[in-house]
Amino acid sequence: MKRIELNDTLRSLLYEIPLFKDLPDAEVKLLIDDLDYVVYAYEKGEEVIHQGDLCRSLCILLKGILQVDIIDANGDSVLIEHITAPRSFATSHLFQEDNRFPATFTVKANSILLTATKESAFNLISKHPNLLKNFFCVSGRCNVCTTARLDILSRKTVRDRLIVYLTHLHRMEDNLVRIRLSQGQLAAYLNVSRQALSTEINKMEKEELIKRRDENLVELNLSLMKTI
């Protein structure tokens, strides 16, 4: 990693994250100047945060992709998610009493990360009600994502994990979901082998639980899924 300056291009990305949503640009510019921050560039494969490290900073990914993995009770690495810039992450852990990162964050694609000290972030958030509201919303979404992930991993069979994943994705009235992961990435996300996932997808399609419209678009037979 190497330390870099926060140029105008990176500043504009910073204004896009949900934490600063609906705040006037002029106000956001002033807020950023009150943060005690540093900016680092990371190359693919570098570890940014290790599971168990103390969360001492507000973390904002300005560019790139981070892979998030946890080591489970058996000592196996389990993929949790991929974080795509620009967004803050692990915000819900910043002010917790036991504020250790629950996972390891590794650079998937060359990335730029801004970190601001916990103290300066607290001072800023406490002075601006709209920012405080956004912070709670972002933290709440983090908890929702964690709950959804645990819901998937708690299922024992490949089919159950896939069904839970697809139903979490479903947000449309026409029963279509778009899977933005490759089959290999999805297998890693579900913590199953690629072969087992491919076999199960084929079985579900034969049983008319799902229908592949194209490589990434899948139609769900929700009424039939509910009977399983």
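Since we're looking at a predicted model, the values are computed, not measured. Just so it is clear, the values below take in all heavy atoms, side chains as well, and ignore hydrogens, waters and symmetry mates.
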- Message: Less than 6.0 angstrom separating the ring centers of Phe101 and Phe89, yes or no?
- Response: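 Phe101 vs Phe89: aromatic centres not under 6.0 Å.
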- Kindly check if the number of other-residue, nucleotide or ligand heavy atoms within 6.0 Å of CD (Glu43) is above 12?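 For Glu43, atom CD is not crowded (no more than 12 foreign heavy atoms under 6.0 Å).
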- Item | Flag if over 12 foreign heavy atoms under 6.0 Å of NZ, Lys118 |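 Check passes, neighbour count above 12.
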- Message: Check this for me: does any side-chain nitrogen of one of Arg87 and Glu81 sit under 4.0 Å from a carboxylate oxygen of the other?
- Response: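 Salt bridge: yes.
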- Message: I'd like to know if Ile65 and Leu186 are part of one continuous hydrophobic network [Ile/Leu/Val/Met/Phe/Trp/Tyr, side-chain heavy atoms within less than 4.5 Å].
- Response: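 No, because Leu186 and Ile65 fall into different hydrophobic clusters, even though each may have its own neighbours under 4.5 Å.
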- Do Leu58 and Leu54 belong together in a cluster built from hydrophobic side chains that touch within less than 4.5 Å?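 No; tracing contacts between hydrophobic side chains, which count when under 4.5 Å, never links both residues.
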Nearest heavy-atom pair of [X] and [Y]: which atoms, and what distance?
{"X": "Glu46", "Y": "Met1", "value": "OE2-N, 2.6 Å"}
{"X": "Ala109", "Y": "Val107", "value": "O-CG1, 3.1 Å"}
{"X": "Asp36", "Y": "Ser120", "value": "N-OG, 3.1 Å"}
{"X": "Leu94", "Y": "Arg56", "value": "CD1-C, 4.2 Å"}
{"X": "Met225", "Y": "Leu166", "value": "CE-CD1, 4.3 Å"}
{"X": "Lys127", "Y": "Pro129", "value": "O-CD, 3.7 Å"}

- Val68 and Ile83: CA distance, side-chain angles, deciding distance, side chain to side chain contact (heavy atoms under 4.5 Å, CB included) verdict: CA-CA 8 Å; Val68 186; Ile83 297 173; 3.7 Å; yes
- Message: Could you walk me through whether Asp33 and Arg11 satisfy the salt bridge (charged side-chain N to carboxylate O under 4.0 Å, His left out) test, starting with their C-alpha distance in whole Å, then the side-chain angles of each, then the deciding distance to 0.1 Å, before giving a yes or no?
- Response: CA-CA 11 Å; Asp33 290 336; Arg11 275 182 175 269; 3.2 Å; yes
- Applying side chain to side chain contact (heavy atoms under 4.5 Å, CB included), run through Val39 and Glu5 and close with a yes or a no. CA-CA 6 Å; Val39 183; Glu5 295 297 320; over 6 Å; no
- Task: For a side-chain contact (heavy atoms from CB on, under 4.5 Å) with Arg212, tell me which candidate from Ile201, Ile179, Leu217 qualifies.
- Result: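 When Ile201, Ile179, Leu217 are each tested with Arg212, the side-chain contact (heavy atoms from CB on, under 4.5 Å) holds only for Ile201.
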Is it true that a side-chain atom of [X] and a backbone atom of [Y] form a donor plus acceptor pair closer than 3.5 Å?
{"X": "Arg100", "Y": "Gly52", "answer": "yes"}
{"X": "Thr104", "Y": "Gln51", "answer": "yes"}
{"X": "Gln185", "Y": "Ser182", "answer": "yes"}

- Please report the C-alpha distance between Leu61 and Ser111 in whole Å, then the side-chain angles of each, then the deciding distance to 0.1 Å, and finally whether the side chain to side chain contact (heavy atoms under 4.5 Å, CB included) criterion is met. CA-CA 7 Å; Leu61 183 66; Ser111 300; 3.8 Å; yes
- Over 60° means perpendicular and under 30° means parallel, so classify the ring planes of Phe135 and Phe95, tilted if in between.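 Ring orientation of Phe95 relative to Phe135: tilted.
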- Message: Walk me through whether Ile210 and Asn221 qualify under side chain to side chain contact (heavy atoms under 4.5 Å, CB included).
- Response: CA-CA 6 Å; Ile210 61 174; Asn221 187 336; over 6 Å; no
- Message: I'd like to know whether Glu207 forms a salt bridge (charged side-chain N to carboxylate O under 4.0 Å, His left out) with Arg159, so could you lay out the CA-CA distance, the side-chain angles of the two residues, the decisive distance to 0.1 Å, and finally the verdict.
- Response: CA-CA 12 Å; Glu207 295 172 25; Arg159 174 169 295 195; 2.8 Å; yes
- Message: Under the criterion side chain to side chain donor-acceptor pair (under 3.5 Å), I'd like the reasoning laid out for Gln67 against Asp69: C-alpha separation, chi angles, the key distance, then a yes or no.
- Response: CA-CA 7 Å; Gln67 180 169 310; Asp69 300 276; 3.1 Å; yes
- Query: Given the rule in the side chain to side chain donor-acceptor pair (under 3.5 Å) test, do Asp160 and Thr157 qualify, once you have shown the distances and angles that lead to the verdict?
  - Reply: CA-CA 5 Å; Asp160 285 347; Thr157 68; 3.2 Å; yes
